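A quick write-up on the structure given underneath.
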There are 2 protein chains.
Amino acid sequence: DNDGCLWAEQPVYFQLLFAADEVRRLAPQHPEWQQTEPFRSLLAGDMKAVASQGEKAAAQLVAASHANMTTDEFDRRVRAWLESARHPTTGRPYTQMIYQPMRELLDYLRAHGYRTFIVSGGGVDFMRVFAAEAYGIPTDQVVGSSGKVSFEMRDGVPTLVKLPEINFIDDKEGKPVGIHQYIGRRPVMAFGNSDGDLQMLQYTTAGTGPRFGMIVHHTDARREWAYDRDSHVGRLDKALDEAARRGWTVVNMSRDWERVFP
Amino acid sequence: DNDGCLWAEQPVYFQLLFAADEVRRLAPQHPEWQQTEPFRSLLAGDMKAVASQGEKAAAQLVAASHANMTTDEFDRRVRAWLESARHPTTGRPYTQMIYQPMRELLDYLRAHGYRTFIVSGGGVDFMRVFAAEAYGIPTDQVVGSSGKVSFEMRDGVPTLVKLPEINFIDDKEGKPVGIHQYIGRRPVMAFGNSDGDLQMLQYTTAGTGPRFGMIVHHTDARREWAYDRDSHVGRLDKALDEAARRGWTVVNMSRDWERVFP
């Protein structure tokens, strides 16, 4: 049995864009949103006002676009969005806005008999559609945050319904817990890019035998973004300190990556 | 991507024997158990009295033997038990007390490009060790019931601790929910043997395209057991009725299986 290997890039940002587009699409059926934040600002096109409302606003947009529908319906919506939506600056589909070196790494590991998993802070039902299309990773090898789901018979049809209740948050301490609950064994390698990956890296590299921990440091303002200790989104601070102490490899994107996107 | 295929035999009974053996092993450290049911009856060898206390007693034995330890420690205990414990009537290891025809079915499906999963009402941390040894199924393809787990630093060592709180019950309505949350797509085939598998069979066979549902009917008192509608353990009643209505295949163990155990 080959040990699992993790890859933790988080297209959480894409999921928020999906949520925003869904709220715009569904707005005609929700006149009350014109009076309620963060929907009002979003529908008025004031993304700065949405962003200023922080994580609570993000959670509200996700709840409004990710719950109270069947799992099949949600799956269809994500697929439709991934097909039609385009990245605002590059004009390319989001499934192509992934890191070329990480895709090569996944291919390389699989060619050497490793099983590869995604362990994301993003919603697992979104990530599974994305990961299958972008990375060729099957649904059961994607671990993520999730809402509760209920089983119902609707007119004799067995139906799974997404509920507006949190089931599991796959971030920070949640990542090693998610690895245990969903994968069931400790990986031999882990790759992260933020403090949300710290505990996963600690847990992975503390196992017996050879272990490998790696952090992608976003240092490339020209081709991508440059941020670390002071960023509100994807902060990389504690994990960067710990990388030095524990001997994890830190990839300097601007220096080490010949190509960023495919 | 090959669709998953499920197999739902439940060695839950083996897990209870493990729990009972663990309580006996741990009894010297728990003098209070001599005064408390169901421990007192168990330690006195009165299994009839334990059984008469029903599911609550089973849950207490499981809690006493499955929580308040690290996941690594639990894993070691299950391995040690599977190595040393022997089935009371056959004298064979429990990992050999599995159904030969179902093992052949798993091999057959894998040889034809299916991925095979176990979806069990039993505890997933127990089932994963068992399924790897008995069926060659990797840990991440086992879905089961689970307790909550916490991540802690213990003297600088990243540690996962099993808590005495229920996280998920993978039975009845829980089975299709577990399939969605842990596997992330609807299987094309499902195999069950009790009413606990009914909703999984309904969900699986309601998908589009060719689907297959199968129920193993325990009819063989000579080589195994004979039970169905009136049994307290592993009752098969509603699912048997629904099999006729929905065209699921019912395997009559005494008539259809040339061999039961390997």
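We name chains A, B, ... by the order of the sequence lines, and we start the count at 1 in each one. Note that the coordinates shown come from a computational prediction; the quantities given were computed from them, not determined experimentally.
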Would you mind telling me which of D125(B), V157(B), T205(B) has the largest number of heavy-atom pairs within less than 4.5 Å of chain A? D125(B)

For I183(A) and T139(B), the nearest pair of non-hydrogen atoms, with its separation, is O-OG1, 2.7 Å

Looking at L26(B), I want to see if its CG is surrounded by more than 12 non-hydrogen atoms of other residues, nucleotides or ligands under 6.0 Å. yes

Specify which of G174(A), A206(A), P158(A) makes the most heavy-atom pairs with chain B at under 4.5 Å. P158(A)

Rounded to the nearest 0.5 angstrom, the CG-CD1 distance for D140(B) and I179(A) is 12.0 Å

Among H180(A), K175(A), Q202(A), the one residue meeting side-chain contact (heavy atoms from CB on, under 4.5 Å) with F151(B): Q202(A)

Please classify the contact of S150(B) with chain A as side chain, backbone, both or neither, using a heavy-atom distance under 4.5 Å. backbone

Honestly, the part of D75(B) sitting under 4.5 Å from a heavy atom of chain A is neither

Contact part of E152(B) toward chain A, heavy-atom cut-off under 4.5 Å: side chain, backbone, both or neither? neither

Can you see which heavy atom on V149(B) is nearest to which on Q181(A), and at what distance? CG2-NE2, 3.7 Å

Is there side-chain contact between D72(B) and R186(A), with at least one heavy-atom pair below 4.5 Å? yes

Quick check on K148(A) against chain B: is it the side chain, the backbone, both or neither that has a heavy atom closer than 4.5 Å? backbone

Closest heavy-atom contact between G184(A) and R128(B)? CA-NH1, 3.4 Å

Nearest heavy-atom contact between R246(B) and G156(A) is NH2-O, 3.9 Å

